[in-house]
Amino acid sequence: MTAGDSYDRIDDDDYPAYTMGRAAEMLGTTQGAIGEARLITPLRSAGGHRRYSRYQLRIAARARELVDGGTPIEAACRIVVLEDQLEEAQRINTEYRRAAESAGPMTPA
């Protein structure tokens with residue numbers, strides 16, 4: 001991968017740009033704690049190093065917020081997964097609605 005390739009992906013939320021150490025620093029936790037919860041699975045660089053995307057860090061940060069508020073870690077992880085699924089379902093529903101509106105009214109057969 002060249003530097004130009006990296007710059008093209010700088011705004012890609014799914015690009016695994018953050019090392020384990022940097023991810024732990026940004027989340028205010030230890031490297032071990034990130035893997036312990038099993039909420040996010042790191043991708044691997046060509047050299048085998050664990051890397052995380054911005055999307056993954058947002059998920060982990062939301063779980064951390066819930067845990068800091070007193071929610072048990074298992075419950076926090078489940079809540080975050082359900083919130084993420086709901087957001088995706090709403091996004092898909094919006095896309096279907098737009099497609100149906102642009103197709104116009106359906107006539108009965």
Residue pair A60 / L27: nearest heavy atoms and the distance that separates them:
CB-CD1, 3.6 Å

Between T41 and Y52, which heavy-atom pair has the shortest distance, and what is it?
C-CE2, 4.4 Å

Using a 4.5 Å cut-off on heavy atoms from C-beta on, say whether the side chain of R54 contacts that of D11.
yes

For the residue pair R51 and S45, establish whether any side-chain heavy-atom pair is separated by less than 4.5 Å.
yes

Going by heavy atoms in the side chains, are I73 and L39 under 4.5 Å from each other?
no

If you count every heavy atom of other residues, nucleotides or ligands that lies below 6.0 Å from E95 atom CD, does the total exceed 12?
yes

Kindly write out the residues that satisfy side chain to side chain contact (heavy atoms under 4.5 Å, CB included) with A75, not counting sequence neighbours, or none if the list is empty.
T71, P72

Tell me, yes or no, whether the heavy-atom count around R91 atom CZ, taken from other residues, nucleotides or ligands under 6.0 Å, exceeds 12.
yes

More than 12 heavy atoms of other residues, nucleotides or ligands under 6.0 Å from CZ of R62: is that the case?
yes

OG of S53 to CG of D12: how many Å apart, nearest 0.5 Å?
8.0 Å

Can you give me the closest heavy-atom contact between D14 and L43, atom names plus distance?
O-CD1, 4.4 Å

Are R64 and T29 side-chain neighbours, meaning at least one heavy-atom pair lies under 4.5 Å?
yes

Going by side-chain hydrogen bond (donor to acceptor under 3.5 Å, both in side chains), name the residues that satisfy it together with D84, two or more places apart in sequence or in a different chain.
Y55

So, using side-chain hydrogen bond (donor to acceptor under 3.5 Å, both in side chains) as the criterion, who are the partners of Q85 when residues are at least two apart?
none

Output for pair (T30 OG1, E25 CD), nearest 0.5 Å, gives 13.0 Å

